[in-house]
Amino acid sequence: MKIGIGNDHSALEMKAEIIEYLEQRGHEVIDYGTNSSESCDYPHYGEIVGRAVADKKVDQGILICGTGLGISLAANKVKGVRAAVCSEPFTARMARMHNNCNILAFGSRVIGVELAKMIVEVWLDTEFELGGRHQRRVDMLDAIEERWNQGSCV
Ligand code: RB5
């Protein structure tokens, strides 16, 4: 799988370990930064990875900031992105299976790296349950996005 990864300054070490973990498992990783420990703005990296996912340059995205929140909020502003903050494997599994999420986010200041790897593994091993009620609900999410893009949310 081709995976785009992005982070802010809080997550440099964790990102490096996650990249190594992914590559050891045969995934191709595109690192969208940051690779500096200087304080930076997470919306920038959330948007870049969000765009890469939406444009299908990568199959899945992983985003890490202090909490996973800011960077996932940024990614979720990109049309077609469904980013979920997961701090344990159950939510990660459900986010893929029921919500067809395409970006996994977590917090370098919230979870340890071994738990993060476990969450990543579950995420990548879980497929969306095609068809039925979950597809309908994801289609409803897309419809909300469409209505707002057209400037009329009624
Ligand atoms: C940076 O200090 C911190 O605010 C950021 O990493 C993240 O937690 C934001 O949601």
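As the structure is a prediction and not an experimental result, all values here were calculated from the model. Order of listing sets the numbers, starting from 1, for every ligand and every atom in it.
- At the shortest separation from atom 10 (O) of ligand 1 among protein heavy atoms lies Gly70 N, 2.9 Å.
- Of the protein's non-hydrogen atoms, the one nearest atom 4 (O) of ligand 1 is Tyr42 CE2, 4.4 Å.
- Nearest protein heavy-atom neighbour of atom 3 (C) of ligand 1: Arg109 NH1, 3.8 Å.
- Of all atoms in ligand 1, numbered sequentially from 1 with element shown, those under 4.0 Å from a heavy atom of Ser10 are 6 (O).
- Closest to atom 5 (C) of ligand 1, if we only count protein heavy atoms, is Asp8 OD2, 3.2 Å.
- At a 3.5 angstrom cut-off on N or O pairs, Thr67 counts as close to ligand 1.
- Contact annotation: the side chain of Glu20 never approaches that of Glu23 to less than 4.5 Å [non-hydrogen atoms, C-beta and beyond].
- Contact record, Met97 with Phe128: O-CD1, 3.1 Å, taken as the closest heavy-atom pair.
- Considering backbone and side-chain N/O atoms, Cys65 never comes within less than 3.5 Å of an N/O atom of ligand 1.
- Side-chain atoms of Asp59 come within 3.5 Å of backbone atoms of Lys2 as a donor-acceptor pair (strictly under, hydrogens ignored).
- In summary, Glu121 and Lys117 do not engage in a salt bridge, as defined by a charged side-chain N under 4.0 Å from a carboxylate O.
- Within 6.0 Å of CE on Met94 lie more than 12 heavy atoms contributed by other residues, nucleotides or ligands.
- Contact atoms of ligand 1 toward Gly66: 5 (C), 6 (O), 7 (C), 8 (O) (distance under 4.0 Å to a heavy atom of the residue).
- Atom CG of Asp41 has 12 or fewer heavy atoms from other residues, nucleotides or ligands within 6.0 Å.
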